[in-house]
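These values consider heavy atoms only, across backbone and side chains, with no hydrogens, waters or symmetry-generated copies. Worth saying up front: this structure is predicted, and the values here are computed from it rather than measured.
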Amino acid sequence: LAKRFDEQGRTVEAIQILEKTLESAHYDPAILFYLISFYSKNGLSEKIIHIVTILEKEYGNVPEIVDRINKLKKLLPQ
């Protein structure tokens with residue numbers, strides 16, 4: 001549903017849907033990466049940093065995710 005909202009140019013609503021999943025402490029990496037993408041579209045880099053921290057904590061032992069995290073960090077403002 002969030003992806004569909006984003007495709008319709010309703011990224012803010014997509015963000016709201018995905019942020020609600022964070023309230024349940026259910027950290028699906030796919031959802032987190034979508035949220036990063038939506039935050040990026042809206043210039044919300046401070047929120048991206050928070051999601052990257054969650055990814056590192058929850059999935060720091062998964063090489064594919066660590067690789068994506070490291071690539072993201074290079075793109076974030078220092």
Side-chain angles (χ1 to χ4, degrees):
L1 183 61
K3 185 176 178 188
R4 189 171 303 156
F5 277 144
D6 181 58
E7 290 168 351
Q8 296 172 352
R10 298 165 62 188
T11 306
V12 172
E13 290 168 90
I15 288 171
Q16 291 170 344
I17 289 169
L18 296 183
E19 285 180 338
K20 284 186 188 254
T21 66
L22 296 181
E23 292 172 7
S24 68
H26 176 72
Y27 301 125
D28 180 314
I31 290 173
L32 295 174
F33 281 111
Y34 269 118
L35 196 49
I36 287 171
S37 174
F38 299 155
Y39 284 158
S40 179
K41 285 183 177 185
N42 284 288
L44 300 170
S45 59
E46 70 283 349
K47 289 192 174 200
I48 293 172
I49 294 167
H50 174 68
I51 300 300
V52 167
T53 302
I54 292 171
L55 283 165
E56 288 176 323
K57 180 180 176 198
E58 299 294 323
Y59 299 99
N61 60 336
V62 181
E64 297 85 5
I65 294 178
V66 171
D67 184 51
R68 289 185 70 186
I69 291 169
N70 290 334
K71 289 176 184 174
L72 273 169
K73 284 180 162 183
K74 291 178 185 176
L75 300 173
L76 292 173
Q78 299 300 320

How long is the straight-line distance from OH of Y34 back to OG1 of T21, given to the nearest 0.5 Å? 13.0 Å

What do you reckon, is OH of Y39 surrounded by more than 12 foreign heavy atoms closer than 6.0 Å? yes

Residue list, side chain to side chain contact (heavy atoms under 4.5 Å, CB included) with L72, at least two apart or on another chain: F33, I36, V52

Rounding to 0.5 Å, atoms CD1 (I48) and CG (L76) come to a distance of 6.0 Å

Side-chain (Y59) to main-chain (Y27) donor-acceptor, under 3.5 angstrom: yes

Using salt bridge (charged side-chain N to carboxylate O under 4.0 Å, His left out) as the criterion, list what pairs up with K20, not counting sequence neighbours. none

Side chain proximity check, L22 to I31, heavy atoms < 4.5 angstrom: no

Could you tell me whether a side-chain N or O of D67 sits under 3.5 Å from a main-chain N or O of P63, the two making a donor and an acceptor? no

Check: K71 and K74 side chains under 4.5 Å, non-hydrogen atoms: no

How many angstroms lie between atom CG of L32 and atom NE2 of H50, to the nearest 0.5 angstrom? 9.0 Å

Can you tell me how far apart CG (L18) and CZ (F5) are? Round to the nearest 0.5 Å. 11.0 Å

Salt bridge (charged side-chain N to carboxylate O under 4.0 Å, His left out) partners for E56, two or more places apart: K73

Restricting to pairs with a member in residues 29-51, which pass salt bridge (charged side-chain N to carboxylate O under 4.0 Å, His left out), not counting sequence neighbours? D6-K41, E19-K47

Taking side chain to side chain contact (heavy atoms under 4.5 Å, CB included) as the definition, give me every residue that meets it alongside N42, ordered by chain and number, with sequence neighbours left out. T11, V12, I15, L44

Could you pull out all residues at least two apart from Q8 that satisfy side-chain hydrogen bond (donor to acceptor under 3.5 Å, both in side chains)? R10

Taking every non-hydrogen atom, the tightest pair across A2 and A14: O-CB, 3.2 Å

Are V62 and I54 connected in a single hydrophobic cluster, I mean Ile/Leu/Val/Met/Phe/Trp/Tyr linked by side-chain heavy atoms less than 4.5 Å apart? yes

Between V66 and G60, which heavy-atom pair has the shortest distance, and what is it? CG2-O, 3.2 Å

